[in-house]
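Have a look at the structure that comes next, please.
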Amino acid sequence: MAFSTTISSSYLPRLYSQLSAHDAVAETKPRVCLSNAASSVFQRGLTYKAGFPSHLEKKELYNFKVSASVTADVSTPEVSIKDLIVKGDTWSIHKFGGTCVGTAQRIQNVANIVMDDISERKLVVVSAMSKVTDMMYDLVEKAQSRDDSYIAALDAVYEKHKLTALDLLDGDELNSFLSTLGRDVTHLKEMLRAMYIAGHPTESFSAFVVGHGELWSAQMLSCVLRKGGIDCTWMDTREVLIVNPAGSNQVDPDYEESETRLDGWLLKNPSKVVVATGFIASTPQNIPTTLKRDGSDFSAAIMGALFRARQVTIWTDVDGVYSADPRKVSDAVVLNTLSYQEAWEMSYFGANVLHPRTIIPVMQYDIPIVIRNIFNLSAPGTKICRTPVIESEENQKLETYVKGFATIDNLALVNVEGTGMAGVPGTASAIFAAVKDVGANVIMISQASSEHSVCFAVPEKEVKAVAKALEARFQQALSVGRLSQVAVISNCSILAAVGQKMASTPGVSATLFNALAKANINVRAIAQGCSEYNITVVVKREDCVRALRAVHSRFYLSKTSIAVGIIGPGLIGATLLNQLRDQAAILKEKSNTDLRVMGIIGSTTMLLSDTGIDLSKWKELQKEKGEKADLEKFVQHVHGNHFIPNTVLVDCTSSTEVADHYHNWLHHGIHVITPNKKANSGPLDKYLKLRALQRQSFTHYFYEATVGAGLPIMHTLRDLLQTGDKIIKIEGIFSGTLSYIFNSFVDTRAFSEVVVEAKAAGYTEPDPRDDLAGTDVARKVIILARECGLKLELSDIPVQSLVPDPLKETASVDDFMQQLPSFDADIAAKRKAAEDAGEVLRYVGVVDVKNQKGTVELRRYNKQHPFAQLSGSDNIIAFTTERYNKQPLIVRGPGAGAEVTAGGVFSDLLRLASNLGAPSY
């Protein structure tokens, strides 16, 4: 194949000046070319395949009296000739970006993919090799800055392509390509020298220089395909693709003219495999230009429309379009299908899909676009089409009303408000005219129906100019009070939820905002179009990733993820960690819930992780990597991980100091779960503030294990109250330790003997007086009383202590245990009196709601009473209510021990996950 003819080096500087003159005129008359001769020369002299037309002698190239633009020799074909032009679904379009053709090996991979495609006809659109476009722009910048290193920079580009060609080609193909490459580089040096002297580049000159990357890629790939036995030609799309400037750094394709030129090109080049340059095109005056941002994708879509192709495949380095940015949402999924509208919306809002304009050409002819990964050919990719196909049955769980989420960062909100705006025609027009005058891009608009305010988002870098323009435009209105302010809220991000099914599904907005509220995300502005293809919200920039993960999880596209911090890895805390370890995989599989422990803190050391602690060896990790305990740092670490939207702190201590932090944690959006009774039984004013905050926010505070360990005591009471039942009395054996002691205190056994046995079995606290004093039972009584609405302090509860008065001040536990037998007689007498009456002794707590009081005492019960039927360390609680008056509602079961208490805490964790969006199973 013959490549381009040469041009005299001495002529190139003059050509550069001609192009400069053209650009200068084009700035005022963009559709009129006053240097058509120069543009004709430029079109012909520097084309890479067409060369000089046979009917034009070279001398004509220097005749600048030609008054009309001259293009390649394309005559209007007759109908019979047009019948020879093959278009339609026999053609498939492939586009390979710079990464795909970045090395010799990758270019060979591209050739293999093209050769493996069984389509009858193929058009392959290629970008410049990776980084080459940036290198070309850089050398233009160097030349205009009179930096002599532009020569070395161009030599580096030459070497990159030369070495690549040497790896891929041989024989005549290699010689022909290297000859063309060398000649092109020589020409470029001459033109860059002219620009070096002139000191400024023109747009068309830059486009001409930069476009060489695509030209060389296309030629190289076509040579590789021919080497593989494929009958292939290459297309310089500047001969075919005609575009008009559209402002804002965009162009509009001229489809009619482009189709005419394509028909002529196909008549001359009937090959079934064509390699075409992406990114570059020509103006109607045949001046080189580019398709601007994402131009190669746009080229492929335009070619797909011009060829009426069966499909356009965009090859990239990801498996397809994700439901969210996988860099922000680690468990984002690849979407099998998207509608054109969904892809359009997601790409507008920053998703790594396609530029919105790429979709426009193919929509007209219902041509699907498929996004594929060149590095993972087994991945089917994402298909973008008019009507998405039904997901396969095994993937139905991923089919949701919201297809995906996208975000835009570094934005600012501008709020223009004032009573003088209401009902005044033209206010909005004046606002956005002022914004337009400073060249700012409005991303989103929201206006209240009262017309009192207009709010819109712009890039943060443009907000100062926008605010200044608005204040100048409305100076008088602001001075007299018709407008109250032009306010700027910086550090914002946009989160957009996109999905075609949203339009016909009630409740999507409610679900979205519920998820944001439960993640403690404040929404600053909202916008939604009538089509309901997207719902857009503005949030703080620092909340953006957390918001994205929260809504992504809520729509079941991923796991409900919760960052867990364990405070107090003692007996209960350690048992809970073991239960989490054993259930983690099951929870992920069955309920799509990810409870990820990000930190464990004890009294002296803490263990932190950015990704989640391996619970199979947390004790070893704590010894190896543990650091000095710092509760504030611990909380910041667990809550500060923006990749997990929800945070819960689990307090497994009995510390009042830790409990005092609950209010602050809840206030900052951190959920709290605890078996620690100190907060709910502490000072009444603190308790009331804590519960008020819980009710006012979407932050959860769960404490099931504070009263009955693993028994559903609080849950049962809450259900009774919420369903309208009225509590009359709650009576129960709340202490597993005292239950065991009095269940074992029978026949002639001494009370002290039973206490020693209970301590040895691990039922009591290290100091049994902590159990015998009854304070723990009193705390449970006060918790239940307050849940019933009684405003009682712990000091209001009379407690009958089982610790003899003389032993209350005994210094050591050993002294207490040694002296306890001397007081056995008194309690033995009470047992005998009860037995003589056919009764048993039980240590109980009572909440008398009717009389607004509570008590903790030793009582006698008939042997037929449920309280007398207990064994071991079981607890029992009786609810007497208006509904359960004659026969109380009884809850009975193990009420002490690390396993059941940890199980109660675990149950609260699952309840939290359910509230945050995890499905039940």
Side-chain angles (χ1 to χ4, degrees), residues 707-709 711 713 729-765 767-782 784 797-808 816-817 819-848 853-880 888 890-897:
V707 174
L711 297 178
I713 305 302
K729 182 174 68 172
I730 303 173
E731 185 177 10
I733 297 174
F734 295 104
S735 169
T737 301
L738 294 174
S739 177
Y740 177 85
I741 288 174
F742 283 98
N743 288 335
S744 304
F745 185 45
V746 295
D747 300 330
T748 60
R749 298 192 70 186
F751 184 75
S752 60
E753 176 190 345
V754 176
V755 173
V756 171
E757 179 182 274
K759 185 174 185 297
Y763 285 116
T764 72
E765 295 293 332
D767 187 343
R769 284 173 292 186
D770 292 341
D771 296 297
L772 298 174
T775 305
D776 187 65
V777 176
R779 288 188 181 280
K780 294 179 181 180
V781 167
I782 203 72
L784 290 170
I797 307 296
V799 180
Q800 181 182 352
S801 174
L802 298 179
V803 180
D805 289 339
L807 300 184
K808 289 180 180 177
F816 168 75
M817 296 301 292
Q819 297 178 44
L820 184 61
S822 60
F823 296 91
D824 281 343
D826 180 54
I827 196 164
K830 292 179 180 179
R831 178 182 64 189
K832 187 176 185 307
E835 287 178 345
D836 291 344
E839 296 174 336
V840 296
L841 294 177
R842 294 293 183 262
Y843 194 79
V844 298
V846 180
V847 179
D848 186 346
K853 66 179 183 178
T855 57
V856 176
E857 60 188 6
L858 189 64
R859 286 188 176 184
R860 290 162 46 172
Y861 290 90
N862 185 287
K863 289 186 179 181
Q864 281 69 48
H865 193 280
F867 286 13
Q869 308 300 314
L870 288 184
S871 60
S873 61
D874 280 3
N875 284 6
I876 187 168
I877 296 89
F879 295 91
T880 302
I890 302 291
V891 178
R892 170 180 171 174

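Residue numbers count from 1 along this sequence.
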*Would you check, one step at a time, whether the test side-chain contact (heavy atoms from CB on, under 4.5 Å) holds for L738 with L772?*
CA-CA 7 Å; L738 294 174; L772 298 174; 3.8 Å; yes
*Heavy atoms, side chains only, cut-off 4.5 Å: are Y861 and L841 in contact?*
no
*Can you tell me how far the CZ atom of R859 sits from the CD atom of E839, to the nearest 0.5 Å?*
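Reported value, rounded in 0.5 Å steps: 12.5 Å.
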*Would you give the length of the straight line joining atom CG of L802 to atom CZ of R769, rounded to the nearest 0.5 angstrom?*
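The CG atom of L802 sits 14.0 Å away from the CZ atom of R769.
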*Taking D776 for its side chain and D771 for its backbone only, find out whether a donor-acceptor pair lies under 3.5 Å.*
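No; zero donor-acceptor contacts below 3.5 Å.
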*asked:* Which heavy atom of V803 sits nearest to which heavy atom of A773, and what is that distance?
replied: CG2-N, 3.8 Å
*asked:* Quick check against the 3.5 Å criterion: does R831 have a side-chain atom that pairs as donor or acceptor with the backbone of V840?
replied: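 Side chain of R831 to backbone of V840, a donor-acceptor pair under 3.5 Å: no, none is there.
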*Can you check whether R860 reaches K830 side chain to side chain, under 4.5 Å on heavy atoms?*
no
*Give a yes or no on whether the backbone of F734 and the side-chain of K780 come within a donor-acceptor separation of less than 3.5 Å.*
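Here the side-chain-to-backbone pair exists.
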*Show the numbers, then the answer: is there a salt bridge (Lys or Arg N to Asp or Glu O under 4.0 Å) between R749 and D747?*
CA-CA 6 Å; R749 298 192 70 186; D747 300 330; over 6 Å; no
_Looking at every non-hydrogen atom in both residues, tell me the closest pair between V856 and I797 and how far apart they are._
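Looking at all heavy atoms of both residues, the shortest contact is CG2-CG2, 3.9 Å.
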_With side chain to side chain donor-acceptor pair (under 3.5 Å) as the rule and sequence neighbours excluded, what pairs involving residues 866-878 come up?_
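Passing the test, one end in residues 866-878: no pairs.
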*Minimum-distance pair of heavy atoms, taken over all atoms of S739 and I733*: CB-CG2, 3.8 Å
_Donor-acceptor pair, distance only, cut-off 3.5 Å: does the side chain of Q800 make one with the backbone of L858?_
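Pair found, side chain donor or acceptor close to backbone of L858.
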*asked:* Any side-chain to backbone donor/acceptor pair from S744 onto Y740? Under 3.5 Å, distance only.
replied: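 Checking the backbone N and O of Y740 against the side chain of S744, a donor-acceptor pair under 3.5 Å is found.
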*Heavy atoms only: give me the nearest S752-D824 pair and the separation to one decimal.*
OG-OD2, 2.6 Å
*Got a salt bridge between D805 and K808, using NZ or NE/NH1/NH2 to carboxylate O under 4.0 Å?*
yes
*asked:* Working to the nearest 0.5 angstrom, can you tell me the gap between L820 CG and L807 CG?
replied: 6.5 Å
_Is any side-chain heavy atom of I890 closer than 4.5 Å to one of I876?_
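Yes; the side chains approach each other to less than 4.5 Å.
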*Taking the side chain as C-beta and beyond, is there a heavy-atom pair between D848 and E731 under 4.5 Å?*
no
*Evaluation steps, side-chain contact (heavy atoms from CB on, under 4.5 Å), between F879 and V891*: CA-CA 8 Å; F879 295 91; V891 178; 4.0 Å; yes
*Can you tell me how far CE of M817 sits from NZ of K759, rounded to the nearest 0.5 angstrom?*
6.0 Å
*Work out which heavy atom in V777 is nearest to a heavy atom in S735; give both atom names and the distance.*
CG2-CB, 3.7 Å
*Given side chain to side chain donor-acceptor pair (under 3.5 Å), test E857 with Y843 step by step and report yes or no.*
CA-CA 6 Å; E857 60 188 6; Y843 194 79; over 6 Å; no
*Side chain of S822, backbone of Q819: donor and acceptor closer than 3.5 Å?*
yes
*Check against side-chain contact (heavy atoms from CB on, under 4.5 Å), I877 and I730*: CA-CA 7 Å; I877 296 89; I730 303 173; 3.8 Å; yes
*asked:* Run the side-chain contact (heavy atoms from CB on, under 4.5 Å) test on V847 and K729 for me, step by step, so that the C-alpha distance in whole Å, both residues' side-chain angles and the decisive distance to 0.1 Å come before the verdict.
replied: CA-CA 6 Å; V847 179; K729 182 174 68 172; over 6 Å; no
*Could you give the distance from CD1 (I741) to CD1 (I827), rounded to the nearest 0.5 Å?*
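The CD1 atom of I741 sits 9.0 Å away from the CD1 atom of I827.
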*Parallel, tilted or perpendicular: which describes the rings of F745 and F751, with under 30° parallel and over 60° perpendicular?*
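The arrangement is perpendicular - the two ring planes meet at more than 60°.
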*Would you say R892 and L870 make side-chain contact, with heavy atoms under 4.5 Å?*
yes
*Shortest non-hydrogen contact from P768 to F816?*
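Looks like CB-CE2, 4.3 Å.
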